Amino acid sequence: MTPPTRTVMWFRRDLRLADNPALLDACAADGVLPLYVLDPALWDPAGPSRRGYLAASLRSLDAAFRQRQTRLSVLRGDPVRQVLRAARAVRAERVHVAADFGPYGSRRDRAVAEALAEHDIELVRTGSPYAVAPGRVRNGSGDPYKVYTPFSKAWSEHGWRDPVEAPTGVGWLGPEDLAQGPQGVEGVEIPDPALPEGLTLPEAGERAARSRWQEYLDEGLADYRDHRDRPDLDATSHMSVHLKWGEIHPRTMLADLRDRGGPGTATYRKELAWREFYADVLHHRPETAREYLRPEFAAMEYDEPGAALTAWQEGRTGYPVVDAGMRQLRATGWMHNRVRMIVASFLVKDLHVEWQHGARHFMHWLVDGDLASNQHGWQWVAGSGTDASPYFRVFNPTTQGRKFDPDGVYVRRWLPELADLGPDVDPHEPGDVPGYPAPIIDHATERREALARLEKIKQ
Ligand SMILES: Cc1cc2nc3c(=O)[nH]c(=O)nc-3n(C[C@H](O)[C@H](O)[C@H](O)COP(=O)(O)OP(=O)(O)OC[C@H]3O[C@@H](n4cnc5c(N)ncnc54)[C@H](O)[C@@H]3O)c2cc1C
């Protein structure tokens, strides 16, 4: 008789049971240990939104395992050591993961695979957080795409597999199995970090992701194409946070979109393709997490970040749509895409502060903070990214506000100082309002300054 086989399912950015190919692979064994490792390299620098959301999502995953009469085992420390400890403690032959293509994650996984291999334990990578794994979509010459439109066409033609069901009939191993035997390991509790006052996060977990998605399919998608740029209507799906933590897989969403059709579907697919494109770009050019994708922009003259950066971070620039966005970010860990573009442009082109400062602030507060989408979203606005929005096209925060928040509903929602403006006051150029700052810069002047600095690097 062959001895029973055992595996570890190491969860990272795939905090779900359904449509999780790595989990299905792990579950081919007789005993499966669901494991999460709190990695100080990721936890310590994380802001309150990320910590709070991750902890809630882990609790939700743990609750799903409790329904299956087991628990999620949680360890804290360097994954190279902790994953090996867990695998040895339960005498696993394989550790299963969804492949990570980010700069840190791929380095970490190589180190974990080596450490496991020394003990004849295999790290098995199945699937990824994307419909098509980064690196797969190539042009006719076998090179990666550098711009979005041909990538998205080739991505669509490449296609992806259908979703898979959650595993059933599994012999789960829990914390007591982990703690048993001569090499037993004690797990830790899922942390419960306190949120700063005024920050409210969306509901976390696979069930919340599914129900939000279903609700959006039924009630939001039809208007997505026409309303997605309107922060006042809040007409986008808010699925970014669920995708970020893998509480739902994009191919589940793509399958639902295919089955549904109708207005909004094609536009929504295109947005998911942006997420896949940026992951692909970062995979091929990992240094662009910090450095300019177009190196010529490194020569641009920027100002030292000082009081202007602080005013921007705190939502006190005197430009209502910028301030509303920055306060929405701190209050909810999320900001509308159109407003992300406006505030990013304001920091880089009106305040002349390098994009990395803004990207860092976003990563600190965003609940959906994702290195690929964030850094490349910033580089796009800064003019140094893929498909660069031409640098000379500088968003005017006042006219952008009037166009995309025509009645000022969005700015009034996030700026209590402007909530009671009279009907004859333009909420995007309110003038003197008690308690609300006057504009910290003159947009027309700073636009000219930005263009002058651009001219210098072009010469
Ligand atoms: C400066 C800047 C920083 C950004 N930082 C992030 C980030 O850290 N994490 C993040 O997920 N998105 C980021 N984005 C992209 C976009 O703003 C968010 O994905 C979107 O606002 C999330 O809200 P939603 O889920 O309601 O979007 P929806 O409009 O409902 O879009 C559906 C999904 O498509 C994807 N998507 C949409 N637009 C983009 C885009 N421009 N780039 C990549 N994916 C996209 C997201 O996964 C999103 O959930 C950034 C954009 C900019 C301009």
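For clarity, every value in this text was computed on a predicted model and none was experimentally measured. For ligands, and for the atoms within them, numbers begin at 1 and follow the listed sequence. The first residue in the sequence is number 1, and the count goes up from there.
A donor-acceptor contact under 3.5 angstrom links the side chains of Asp323 and Tyr436, judged on distance only.
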Starting from the C-alpha separation in whole Å, work towards a yes-or-no answer on ring-ring contact (aromatic ring centres under 6.0 Å, His included) for His96 and Trp10.
CA-CA 6 Å; His96 289 265; Trp10 176 21; over 10 Å; no

Let me see the working for Phe395 and Phe346 under ring-ring contact (aromatic ring centres under 6.0 Å, His included), right down to the final yes or no.
CA-CA 7 Å; Phe395 280 121; Phe346 190 81; over 10 Å; no

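Listed by chain and number, Tyr224, Thr236, Ser237, His238, Met239, Ser240, Leu243, Tyr268, Glu271, Leu272, Trp274, Arg275, Tyr278, Trp334, Met335, Asn337, Arg340, Met341, Phe362, Leu366, Asp368, Gly369, Asp370, Ser373, Asn374, Gly377, Trp378 each place a non-hydrogen atom less than 4.0 angstrom from ligand 1.
Evaluation of the side chain to side chain contact (heavy atoms under 4.5 Å, CB included) rule for His283 yields Phe101, Pro134 as partners, not counting sequence neighbours.
Atoms OG and CG, on Ser57 and Asp62 in that order, are 11.5 Å from each other to the nearest 0.5 Å.
Ring planes of His361 and Trp365: tilted class, angle from 30 to 60°.
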